[in-house]
Each structure stands twice: as C-alpha cells, then as structure tokens.
Asker: 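Quick one: this structure, given as structure tokens, is what I'll be asking you about.
Please read these numbers as outputs of a predicted model, since none were measured by experiment.
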Amino acid sequence: MLNTKRRKETDQVSSVIPVYQSLYSNKDHSSDPNWLRETRDAGMSAFAGQGFPSVRNEKWKYTNLASLSAGDFIAVEPENDAFKIGPKSAWAEARMVFVNGVYREELSDINALKGQVKVVRLHHSLSTMKDYFGFLVDTALPTVGLNSALMQDGYRVVVADKAKIDGILELVFANSGHKNAVFPRNSLKLGKGSELTLVERHVGQGSYFTNSVGEVDVQDGAKFHHYRLQDDDISAISLSHSFVRVGADALYDNFALSTGAKLARNEISCVIEGEGGHLNLLGAYLISDAADGKGQTCDTTTFIDHAVANTTSKEIYKGVLDGRGHGVFQGKILVREDAQKIEGNQLSRALMLSDKAEINTKPELEIYADDVICSHGATVGDLDEEGLFYLRSRGIPKTKARALLVKSFVGEVLEEIHNEAIREAFTEHASNWLVANAEG
Amino acid sequence: MLKISNLHAAIESVNKPILKGVDLEIGTGEIHAIMGPNGSGKSTLSYVLSGRDGYEVTGGSVDFAGQDLMDMEPEERAAAGLFLAFQYPVEIPGVQTMTFLRTALNEIKKARGEKEIDAVGFLKFVREKCKSLNISDDMMRRAVNVGFSGGEKKRNETLQMAVLEPKLAILDETDSGLDIDALRVVADGVNALRSENRSMLVITHYQRLLDYIVPDKVHVMANGRIVKSGGKELALELEEHGYAQYEAA
C-alpha cells in the first residue's frame, strides 16, 4: 500500500520535469550573454534533478506541492490579463506594475522617483548585471532554480549611497488567467547609508502559479523597510523566496501580511554579515477555506544567519486560522562560532478560530557561540474565553467581542509596522478580512 | 430590582452542585452584602447572575427588573443594566481602554434603542467620569488592564461602572489583592456611584470592605445558601465570631 503510493508520487514528480524542460528549451535565449545562459542552465538542471520538492523533503514537510508536481500549472503564456488594476495607492509616490509577470509601462508611474533612485524593469538590465546578479541566490534549490531558468522580468532597484528616499515605492504584481505560471525575479541594492521604503502587493484573479525570487543587498548603514501584501486569488499558488544580505549597522525590516492564495509560501533567507546589523522579520497571516473547499495553506519559512558578532534579529509571526486553514511556520536561527553578543528573538503565535484548522510550527536554534541571547516561542490557542466573557459582560455582543479579540491579536504585530500609512493600510486589509470571514 | 428565588446551580463540567437554594431580594437603591467562607458559593452566585459559561442552573429563578435573567445572554444582561465588577479583571492586550469602553457603551445604547455617542462626545464624557473618580485619564490610552497594578485594575472596574451606569452592580471580592490605601480609593469611587436608582451587591470574605462601603443589609452564605440575614451590625458579629457556626450547619 505504502509502496504503491510512493511510486505514484515519484511518477508525478518525474512527469512534470520534461514539461518545464521543453518550455525552457523552446525559449529563445540567443540574446542572453554567456554567464546568464549558464545561470539559466544551472537553474534548469537543479530543477530537472529534483522536480518540485515533495513532503519527504524536510524543508517542505508540511507544505504539499503535489498539484505542481502533477503538472497543473504549466502554460506560461497567460490566456488573458483582464484583471483590473486600480490607481496607485494613496501612500505611494511611484509604482511599477507587472501583469502576468511582465512590466506594464502604461500602468506604471516611476517619474516621481527619477533622479533619486534607479528603478528599472529587470528585463532591460539583466544582460548587463553580471557582477551583481544572483550572488545571494541559491539556484541549487529546485523552485529557485526553476525561477532562474525561466525568469523574464521583475524589478531592479538601486539606491545610491547616502540617498534617503522619502516617497514610498509600490510594486504591484497582478496575475490572472487559468493554470498559467509566472516567474518574477527581483533585485534590490541599497547603497551605504541609504534608506528606502518599498511595498509589494500581490493580487490576482484565477488559478495561476507564481514563483518569485528576490535578492536584497542592504549595505553598511542602510535601512530598508520592505513590506509585502500577499492577496493572491484563493485558487492560486504563490511561492516567494527572498535572499537577503545585511551589512554593518544596517537594518532590514520586513513585514509580510498574507490573506490570499490556495497555497502560499513566503521564504526568507538572511545573512547578517556586518557588526551592528539588525533584522526584523515580522508578519501576520489570516487564512480560511480555499476556493476548492479545502483549506488555504500559508507557509512562512525563515532562516537567519548571524554570521558575525554584535548582531540582532527579531522575528514575530501571528496567524489567524479559520475554516480548514493550514498554517506553517519554520524558523531557523544560526549563530556562528565567534559570533558573540548576539540577540535573536523568535515568536510564532497562532489563533485557531475553527477546530478544523491546523498549524505546524518548527522553530530551530543552532548556536555555536556562547555569549548569546536567543529565544523562541510558539503558541497555539483558541480565543481567550475569559476575555470573551469580560467583553460580553460589558454589553459587547459575542460576534463583535470575538472580532475585537482577533483584531487585537493581529494588532499586536501590525503595530510593529514602522510606516504609519502602511500600518493603517495593512490594518484595514486585515480588518476587512475579519469582517468577511471571522465575524460570521 | 433583583429577586432570586430558590436558585440552584452546578458546575457543568463536573456536575457539582454549588448553589443549593439561594433566596435573596434587593430593592431599588439598596446595598446588600454577601459574606461567607471560601467555597460557600459567593463567587458562583456572581457568575451565574452575570451569565458566565460553565454553570448550569438546575432550579429556581432570577427576576431582574421584571425580566427573567437566566434566559439572557451576558451582553443582554449588561444592556438590561447589570454590571459585574470582576474579582480578577481580565487583561485584553491590543485593545485600548478607550475603544473598549466606547464600544461597550454604544453597544448597550444600541440594544436599548438609544442614540450612539461619537468619539469626541465620548472623550468629554469619560474625562468627566475620570475626574469625578479621581482617575488619571492616562489609563484610557493603555490596553485594557494590561500591566495594571491590582489597584488600577479595580479602579478601572469602577470607571467602567461609572461609564455604563448600571441599575445593579455586583462587586465580587473587590477588596481582594488591595492594600488599605488602594481599598480606600476604590471604595470612595464606589460610594461616589451610590444613588437611589442603583442597587449594589457586595460580595466579600472580610468585614473591612464594609467599613468603607456601608451596606443596608448583610447576608451570610454558607454551603450554597443564605443562612442568615441582618443589618450592617451582622458584619461585625461575623468578624468577631467567624464563620464556623454557619459552616457546621
């Protein structure tokens, strides 16, 4: 019985590989310089050697990509791009819009930041990026390799040394269509002492597969506030893997709010390479049933490498799980030998609103230095009955009291958002989710 | 105002009877005290009256201002004018006291078909209440009870009572966890809320609270029943002789 099942899985894994291989070989890469073709080849062979990771892969134990392995999402050319993109968000100074993975100039507006920061579509600069492309990215990982092989567009943002950018840059990734796959690739460099706030919004309509990879280099003394709103269609699969390098006295401040996708994985791999470097990995996810009646899966997987002494990291993720929602948190903190005076705090908290919801948490500390303060905590709980009764005894009806408690649970981490306008926008998004889901 | 007749109640999970025929009647504007040893059912009575989950009413009735209290949800009881000051007020992280109180007041107003109060109007209203109770309005900006001292928590209960203006307030072991100074401050607050339209039921183990909040009547509860009733002098008698004679019964 077990053997039959195993063989079937293996068959599925291998069946999808030739599909992507032919997709890759049918593309015209003649304009790519040699180094880029080598990168793509390496990515493709990494993917071809492994296929999509199965649940037997320790890093993917709780998140099942069987539908990708079965070849559900393969047609790269989208059928349509009918998804309506609204105007630029009120808080945004400039924005870039990518529809089904391709930059759309007529929907974008980057003039306001011209002269302050270099904002270009990756497609145009890719062939000239040899010296600083892909140096943080681990192309040997199958999903990352697949992105390297098939990437065509994304954003490239470069902030000059000491440039402090006040205006917020908005990046919209909109997808639509049926069973199509897109592979956005993003690259960011913050020069020494610079500062930038950037918001990614992932939206869409339909059952698409997006597999994005990002590379973030925060150089010495720079501050980067990186916010991400994942509001993909609840039929979609949304994978994202960011590779981040933090220099001396630099700050990488990441907040991810996720409510969308049938299956989402937000993976962040960070190395703090300079003393005084600090990292914030923060986020909230609110999930329930997916379009197919099964639960949404939201996977947050992080890796923090404290490579040098005197570095700090703070990690807080909060999940609200209703219906058959399935949350996954895997957080690893590595403190290297001689990396003394480290402070790393990690917290994962999940609030279960339904007895059908499920959460898997796997915190991991790997510490080789001795003068280190590291903590990790994981809690899973129902709504506080005492709190609920307290509110009701003051006249607040049950549904409203529940919503207030859930809001306060998520509010604790939303408060950590540094930028006020974004904090409000994200709080509103979470509140809207609660009105639509948890209050009923 | 409140008429409890032959009330029986049990803890649901273990099916253990706690209240075994409580009879009590409180008139409008009266202050009654219930005293009794630990485990006599005092706090259970307050929970059953306010509608907490986990207790099953197995007999008897409670009439509150003409309504059958036992048929109502906790929020409906609050809207009808019942207020429980908790022995252990609950911490609610992430909810500002101001938001909490305004939501509560407006929900009660909504349930009564009254006009809701806007943010500005509420701010003015609550500042006056704080001032009359000698409470700094800094408390209003903090999350409900989070990081509050024992005294602050009980003062917050008093403030909530002042804002919600109940017909009947049940004070459950208000003196627990308070030193004498904090007790005096809280008692002053409660006394400021005494009125001829407001009844109170003070539940306490010790007589000392009743030095500050002087009741019209005192009842002794033991083994799930009211075993003796009298005037305020009964409290002094209990202080002197203890509960032993009642527990034996």
Side-chain angles (χ1 to χ4, degrees), chain A residues 255 257 282-284 286 316-320 347-351 353 377 379-417 420 423-424 426-428 430-431 433-435 438-439, chain B residues 46-55 72-97 99-112 114 116 143-146 153 156-157 159-166 169-170 172:
Chain A
F255 191 102
L257 177 62
L282 309 163
L286 302 97
I316 307 172
Y317 287 94
K318 288 202 162 189
V320 175
L347 182 66
S348 159
R349 292 188 65 195
L351 180 62
L353 297 181
T379 66
V380 179
D382 303 331
L383 268 189
D384 176 21
E385 288 296 327
E386 293 279 318
L388 199 58
F389 175 63
Y390 191 66
L391 295 174
R392 294 179 72 191
S393 79
R394 297 304 181 247
I396 302 173
K398 193 174 182 180
T399 49
K400 193 147 192 171
R402 273 170 63 96
L404 205 58
L405 289 176
V406 177
K407 216 168 145 178
S408 76
F409 173 81
V410 188
E412 270 188 305
V413 69
L414 287 165
E415 300 255 304
E416 301 270 345
I417 297 176
E420 194 182 339
R423 186 165 63 236
E424 280 171 14
F426 278 28
T427 302
E428 193 188 336
S431 299
W433 186 92
L434 289 173
V435 169
E439 281 187 19
Chain B
S46 74
Y47 290 143
V48 169
L49 292 178
S50 54
R52 192 194 196 96
D53 280 345
Y55 297 92
M72 298 157 80
E73 296 290 341
E75 55 268 32
E76 292 170 339
R77 299 180 194 203
L82 183 79
F83 181 90
L84 169 66
F86 281 56
Q87 180 177 5
Y88 304 109
V90 184
E91 297 188 6
I92 318 232
V95 179
Q96 203 194 30
T97 304
T99 311
F100 161 62
L101 269 181
R102 189 158 76 89
T103 308
L105 182 62
N106 276 335
E107 288 298 332
I108 286 178
K109 282 181 179 290
K110 214 164 28 179
R112 290 177 184 165
E114 294 168 14
E116 293 179 44
V144 179
N145 293 324
V146 176
K153 283 182 180 169
N156 194 9
E157 296 293 291
L159 175 66
Q160 290 169 38
M161 195 193 336
V163 167
L164 301 179
E165 300 176 326
I170 303 168
D172 185 15

Asker: Testing B:E107, B:E73, B:E76 for side-chain hydrogen bond (donor to acceptor under 3.5 Å, both in side chains) with A:R392, which one passes?
Answerer: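 Testing each of B:E107, B:E73, B:E76 against A:R392, the sole residue satisfying side-chain hydrogen bond (donor to acceptor under 3.5 Å, both in side chains) is B:E73.
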Asker: Tell me, side chain or backbone of B:P166 under 4.5 Å from chain A's heavy atoms, or both, or neither?
Answerer: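 For B:P166, neither part sits under 4.5 Å from chain A.
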Asker: For residues A:Y390 and B:P89, report the shortest heavy-atom separation together with the two atoms involved.
Answerer: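 Nearest heavy atoms, A:Y390 then B:P89: OH-CB, 4.0 Å.
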Asker: For the interface with chain A, which of B:A111, B:A104, B:P93, B:P74 has the highest count of heavy-atom pairs at distances below 4.5 Å?
Answerer: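 The candidate making the most pairs under 4.5 Å is B:P74.
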Asker: Considering only heavy atoms, which portion of B:N145 lies under 4.5 Å from any heavy atom of chain A: side chain, backbone, both, or neither?
Answerer: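 Side chain only.
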Asker: List the atom of A:L414, the atom of A:A430, and the distance in Å for their closest heavy-atom pair.
Answerer: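 Heavy atoms only, the tightest pair is CD1-CB, 4.2 Å.
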Asker: Tell me, for B:V163 versus chain A, whether the close heavy atoms (under 4.5 Å) come from the side chain, the backbone, both or neither.
Answerer: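 Contact with chain A is absent: no heavy atom of B:V163 under 4.5 Å.
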Asker: With chain A, which of B:L101, B:V144, B:L105, B:I108 has the greatest number of heavy-atom pairs at distances under 4.5 Å?
Answerer: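 The candidate making the most pairs under 4.5 Å is B:I108.
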Asker: Checking A:E412 against chain B: side chain, backbone, both or neither under 4.5 Å from a heavy atom?
Answerer: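 Only the side chain of A:E412 comes within 4.5 Å of chain B.
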Asker: On a heavy-atom basis, which atom in A:K407 and which in A:S431 lie closest, and how many Å separate them?
Answerer: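 Smallest heavy-atom distance, with atoms named: CE-OG, 3.6 Å.
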Asker: Under 4.5 Å from any heavy atom of chain A, what part of B:R77 do you find: side chain, backbone, both or neither?
Answerer: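 Contact with chain A is absent: no heavy atom of B:R77 under 4.5 Å.
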Asker: Does some side-chain heavy atom of A:L351 sit less than 4.5 Å from a side-chain heavy atom of A:D382?
Answerer: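 When only atoms from C-beta onward are counted, A:L351 and A:D382 do not touch, as no gap falls below 4.5 Å.
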Asker: Restricting to non-hydrogen atoms, name the atom on B:S50 and the atom on A:F389 that form the minimum distance, rounded to 0.1 Å.
Answerer: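 Shortest heavy-atom separation between B:S50 and A:F389 comes out as OG-CZ, 3.4 Å.
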Asker: Which atoms of B:F100 are under 4.5 Å from chain A, going by heavy atoms: the side chain, the backbone, both sets, or neither?
Answerer: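 Both parts, backbone and side chain.
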